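Inspection log for the structure reproduced underneath, given as structure tokens.
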Amino acid sequence: MALKQHAHLMSLIKTMIPPLSGKLHKGQAGRIGVLGGSGDYSGAPYFSAMGAMRFGADLAHVICEPAAGAVIKTYSPDLIVHAILAEGRSMDDIRTDLKSIMARLHVLVIGPGLGRSEHMQSCAKVAFELAKDMEQMGVVVDADGLWLVQNEPHVVMNWSGVPRVILTPNVMEFKRLCETMKIDAKAAPETLCPKLAVALGNATVVQKGGSDIISNGIEIPPALLAGGQADAGKKDILEGSVEGGLKRVGGQGDILSGSTGVLMAWGSEWVRGSYEHVGHPPPKDKAIAENIPLLAAYGASTFNRTASKRGFEKKGRSMVTGDLVDIVGDVYTEVFGKPDVK
């Protein structure tokens, strides 16, 4: 049943992916932003943004602090770097610049390399406020973006429109979020993720671990279950249990956040009908259209775990995240197949 369920979900996720077509212009297949990059951290936003581009996004923007921006620009000319988060600038000026940049994006990833300084956390809070008002903007929250959610959970709650927030906490980040939301850690492990999702206003939560537990706290609709109606109402989690690598290195989660953002961008644009003119019409099933974050999270989990496995097979203990960036294209083809060309 697990294999059947996995195959069913992957078939749905593959339908979200836009074809390669000369009728699509630059930017239609994903404009991803990464808000992070501070004095101490320049690698994380690079891995998230470059991971997104290698995955298939057309454009990737990094929004960061000036010192980090100067470094990130040397990593790759493919990234658009906005070094606007200077400490000492007025928050009104930063808000104005952020609003202008975010208006160009499909999805914003908040957190990679953000840091926990009062200034950078305030910048992230402004980004959340702006995204909340942009009803078509998707948000992925990782790393120190989750630190802000832990301290101010309201930033991800009561968003209008379709579900569009995904959180990707690791073990410790998940534990702290549960403590903040007063969720009993002694409860059955498989119930914790749905409980946290409900507490956070039905945001989609990816509880990273030996297997990835994914939930928005709502019963999984029949359209997403391999058994269809027969299994309806019996599940409120998806479990990503594809085998991963045996080495954990800093930066793997950043690649996950970038690929999650791309899949959410593709799925959201598919639902809006942006690819209909290239023979890729939106889904007819409302349940699929309303659960793009769940599907994006599951697809990215499957991809990231496979990338970790392949990287470890090649490099063993010497594996670093840069090795994973280099194999993103090959692993994408392994997981999702060759692109549809129209």
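No experiment lies behind these values; they were computed from the predicted model shown.
A donor-acceptor pair under 3.5 Å is absent between the side-chain atoms of E152 and the main chain of H154, judged by distance alone. Using modelled atom types, no side-chain atom of T204 and backbone atom of N216 make a donor-acceptor pair closer than 3.5 Å. A donor-acceptor pair is defined here as one N or O able to donate and one able to accept, closer than 3.5 Å; such a pair exists between the side chain of D58 and the backbone of A29. At distances below 3.5 Å, not a single donor-acceptor pair connects side-chain atoms of H106 with backbone N or O atoms of G261. Remark: side-chain polar atoms of W270 are not paired, donor with acceptor, to backbone N or O of I17 under 3.5 angstrom. When atom types are taken as modelled, the side chain of N151 and the backbone of W147 share a donor-acceptor pair closer than 3.5 angstrom. In this structure, the side chain of R95 does not engage the main chain of M91 through any donor-acceptor pair within 3.5 Å. Distance alone, capped at 3.5 Å, places no donor-acceptor pair between the H61 side chain and the I80 backbone. A donor-acceptor pair is defined here as one N or O able to donate and one able to accept, closer than 3.5 Å; such a pair exists between the side chain of T74 and the backbone of V71. Put simply, the side chain of S301 never gets that close to the backbone of A297: no donor and acceptor are under 3.5 Å apart.
For the atom pair CG (L146) and CZ (F174), the distance works out to 11.5 Å, reported to the nearest 0.5 Å. Atom CG of D236 and atom OG of S215 lie 5.0 Å apart (nearest 0.5 Å). Atom-to-atom distance recorded for L130:CG and L108:CG is 9.5 Å, nearest 0.5 angstrom. I72 contributes atom CD1, which lies 11.0 Å from atom CE of M50 (distance to the nearest 0.5 angstrom). Here the straight-line distance linking atom CD1 of I220 with atom CD of Q5 works out to 8.5 Å at 0.5 Å rounding. Between M264 atom CE and S259 atom OG the span is 11.5 Å, to the nearest 0.5 Å.
At a threshold of 4.0 Å, the pair E173-K208 does not count as salt-bridged, since none of the basic side-chain nitrogens sits closer than that to a carboxylate oxygen. Remark: R116 engages D144 in a salt bridge, criterion side-chain N to carboxylate O under 4.0 Å. The pair E269-R272 meets the salt-bridge criterion, with a side-chain N (NZ, NE, NH1 or NH2) lying under 4.0 Å from an Asp/Glu carboxylate O. Ion pair E129/K132 not flagged as a salt bridge, since none of the NZ, NE, NH1 or NH2 atoms sits closer than 4.0 Å to an Asp/Glu carboxylate oxygen. We find that E243 and R305 are not joined by a salt bridge, their nearest charged nitrogen and carboxylate oxygen being 4.0 Å or further apart. Between D326 and R54, none of the side-chain N atoms (NZ, or NE/NH1/NH2) sits under 4.0 Å from a carboxylate O, so this pair counts as no salt bridge.
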Take L59 and M53, measure what side-chain contact (heavy atoms from CB on, under 4.5 Å) needs, and give me the verdict at the end.
CA-CA 7 Å; L59 296 168; M53 290 206 71; 5.7 Å; no

Step by step, would you call R310 with E313 a salt bridge (Lys or Arg N to Asp or Glu O under 4.0 Å)?
CA-CA 5 Å; R310 298 298 177 233; E313 287 172 349; 3.0 Å; yes

Would you check, one step at a time, whether the test side chain to side chain donor-acceptor pair (under 3.5 Å) holds for S257 with S48?
CA-CA 6 Å; S257 67; S48 182; 3.0 Å; yes

Trace of the side chain to side chain donor-acceptor pair (under 3.5 Å) decision for S160 with E135:
CA-CA 7 Å; S160 61; E135 291 198 1; 3.0 Å; yes

Quick one, T302 with M10, criterion side-chain contact (heavy atoms from CB on, under 4.5 Å). Give me CA distance, side-chain angles, the key distance, then yes/no.
CA-CA 9 Å; T302 299; M10 293 306 296; 4.0 Å; yes

How far apart are the C-alpha atoms of V242 and H6, what are their side-chain angles, what is the distance that settles it, and do they pass the side-chain contact (heavy atoms from CB on, under 4.5 Å) test?
CA-CA 9 Å; V242 169; H6 174 71; 3.7 Å; yes

Before giving the answer on side chain to side chain donor-acceptor pair (under 3.5 Å), spell out for Y75 and S42 the whole-Å C-alpha distance, their side-chain angles and the decisive distance to 0.1 Å.
CA-CA 10 Å; Y75 292 159; S42 60; 2.8 Å; yes

Stepwise side chain to side chain donor-acceptor pair (under 3.5 Å) check, S308 with Q252:
CA-CA 8 Å; S308 173; Q252 283 178 255; 3.2 Å; yes

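Looking at I84 and R89, their side chains come closer than 4.5 Å, going by heavy atoms from C-beta outward. Two residues are said to be in side-chain contact when any heavy atoms from C-beta on lie closer than 4.5 Å; M137 and M102 meet this criterion. K314 is listed as a side-chain neighbour of I327, based on a closest heavy-atom distance under 4.5 Å. When side chains are defined from C-beta on, V328 counts as touching F303, because their heavy atoms get closer than 4.5 Å. Residues I110 and V140 form no side-chain contact, since every pair of their non-hydrogen atoms from C-beta on lies 4.5 Å or further apart. Side-chain contact between L225 and K235 is present, with at least one heavy-atom pair separated by less than 4.5 Å. L12 places a side-chain heavy atom less than 4.5 Å from the side chain of I288. Side-chain atoms of V107 and V139, non-hydrogen and from C-beta on, never get closer than 4.5 Å to each other.
Here Y46 and Y41 keep their ring centres 6.0 angstrom or further from each other.
The two residues V278 and K23 come nearest to each other via the heavy atoms CG1-CB, 3.5 Å. The shortest heavy-atom contact between L167 and A203 is CD1-CB, 3.9 Å. The shortest non-hydrogen separation linking I94 to A86 is CD1-O, 4.0 Å. Closest approach of L105 and G33 over heavy atoms only: CD1-CA, 3.7 Å. Annotation for G299 and L263: closest pair C-CD1, 3.7 Å, computed over non-hydrogen atoms. Here the closest heavy-atom approach between residue T15 and residue H280 is recorded as O-NE2, 2.7 Å.
Side-chain contact, T168 with D142: a donor N or O sits under 3.5 Å from an acceptor N or O. Between the side chains of S268 and Q136, no donor-acceptor pair of N or O atoms lies under 3.5 Å. A donor-acceptor contact under 3.5 angstrom links the side chains of E239 and S211, judged on distance only. In this structure, a donor-acceptor pair under 3.5 Å is absent between the side chains of D93 and T96. With no hydrogens or angles considered, no side-chain donor-acceptor pair links S38 and D40 at under 3.5 Å.
Counted within 6.0 Å of NZ on K286, heavy atoms from surrounding residues, nucleotides or ligands total 12 or fewer; the atom is thus considered open. Within 6.0 Å of NZ on K315 lie no more than 12 heavy atoms contributed by other residues, nucleotides or ligands.
Linking ILVMFWY residues whenever their side-chain heavy atoms come closer than 4.5 Å, directly or via other members, places V109 and L294 in the same cluster. The hydrophobic cluster containing I214 does not contain L192, counting ILVMFWY residues as joined when their side-chain heavy atoms lie under 4.5 angstrom apart, directly or transitively. Hydrophobic clustering, with ILVMFWY side chains joined whenever heavy atoms are under 4.5 angstrom apart, groups M16 together with V335. Hydrophobic clustering keeps V262 apart from L35 (ILVMFWY residues linked when any side-chain heavy atoms are closer than 4.5 Å, directly or through intermediates).
Ring orientation note: the planes of W159 and F128 are nearly perpendicular, at an angle over 60° on the 30°/60° scale.
Screening I255, N304, D254 for a side chain to side chain contact (heavy atoms under 4.5 Å, CB included) with L324, the sole residue that qualifies is I255.
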